[in-house]
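Read through the structure below, which is laid out as structure tokens, and then see the notes.
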Amino acid sequence: MKTVMILAAGNVVASGISSFLDVFSFCNVYWKRIHPEAENDLFHVHVVSPDGEPVLTNQGFQIPATGIKETDLNQADAVLLASAFVTDEAELMAFQHAFAPFVVPLTDYAKTGKPIAAYCSGTLVLASTGLMNGIKTTTVWWLTELFKLRFPHAHLCMDSLVVSDGQFHTAGATSSCLSLALHMVEQLAGVQVAHQLSKVLLVAPNRSSQQPFMTMSFQLEQHQDSQVQAVQEWMQQNLTSQINLDELAGQFAMGKRTLIRRFKSALNETPGSYWQKLRIDEAKRLLETTDMALEQIIDRVGYGDSASFRKLFQQQTSLSPRAYRAKFNSHTCC
């Protein structure tokens, strides 16, 4: 029997915990089907709260839990961190405060070398413990900049849905907990069990990237530079403009070097890369919502070179424009 402990604190997202419980429960049923002689479940899952009180979800209902003081975390075969409802830095700080009673037991558990997993906002509180310093990890894509700002020593990899580095396993936004749960089943029970379970649950095992889902319209701005904000707004309204950085900086009474420096300070990227992302984001919107020909879309977002656009689109979304439209434009469905 494998013991899995789910650490839950703060304003937890209900679907994350219930998804883990369901995946391991279905796995137990499948395990007994292929091993009719088995007397025990394969997985025994506990939800653990800081004080032993039921966990309150962001939907206002309770999930029974045991307390961390009454739990020997080191006896677990794997520890999972549930996510909380986090949309800004203040909510992250509240989550970290609620999670604080887990930090010492989790740090001790990490010394055993056994698996630790987190997804969505749980990856940020895991990083806040210092355990992810120097470790490859991923996080919820719309909190990427906040993650980079607060935890610069973690190696953030945003091109994968699930990232593993040694004993640490992390995943992206909320629904990625299903992929992470299957990944943990694979770690603890083997590839064959995980693949069969993915078929039972209709969770594609090849959901390998979160890049196609990223959009700039939902990413949180974490800076207060009003002049950079003004440049951002101008870029959004002038996607097809062909002016160079010297001309752009001059429009806002700055030198080119000052513009680049302030953009990097505020947004952790150059004006040029930011402008490219805006254009790709608009192209994604048009692919999702219209039947415009690709050449029309390329022209609409200010690209004259079709080959360059296709290459950049593939780099930023991991899909070709045609594949992206097939995946996200509802009018292409049967």
Determine whether a donor-acceptor pair (N or O, by modelled atom type, separation under 3.5 Å) exists between the side chain of [X] and the backbone of [Y].
X: Ser198; Y: His195; value: yes
X: Lys114; Y: Asn74; value: yes
X: Ser18; Y: Ala14; value: yes

Do [X] and [Y] have side-chain N/O donor and acceptor atoms under 3.5 Å apart?
X: His155; Y: Thr137; value: no
X: Ser265; Y: Arg261; value: no
X: His46; Y: Thr66; value: no
X: Ser49; Y: Glu53; value: no
X: Ser273; Y: Thr270; value: yes
X: Asp299; Y: Gln296; value: no

In terms of side-chain geometry, is the basic nitrogen of [X] or [Y] positioned less than 4.0 Å from the acidic oxygen of its partner?
X: Arg285; Y: Glu288; value: no
X: Glu295; Y: Arg310; value: yes
X: Asp41; Y: Lys32; value: yes

| task | Could you check Asp305 against Ser308 for side-chain hydrogen bond (donor to acceptor under 3.5 Å, both in side chains), going step by step and ending with a plain yes or no? | result | CA-CA 5 Å; Asp305 184 346; Ser308 295; 2.8 Å; yes
| request: Using the six-membered ring of Trp275, assess whether NZ or CZ of Arg279 lies under 6.0 Å from its centre and within 45 degrees of the ring axis. | output: yes
| query | For atom CG of Asp108, is the number of surrounding heavy atoms from other residues, nucleotides or ligands below 6.0 Å larger than 12? | reply | yes
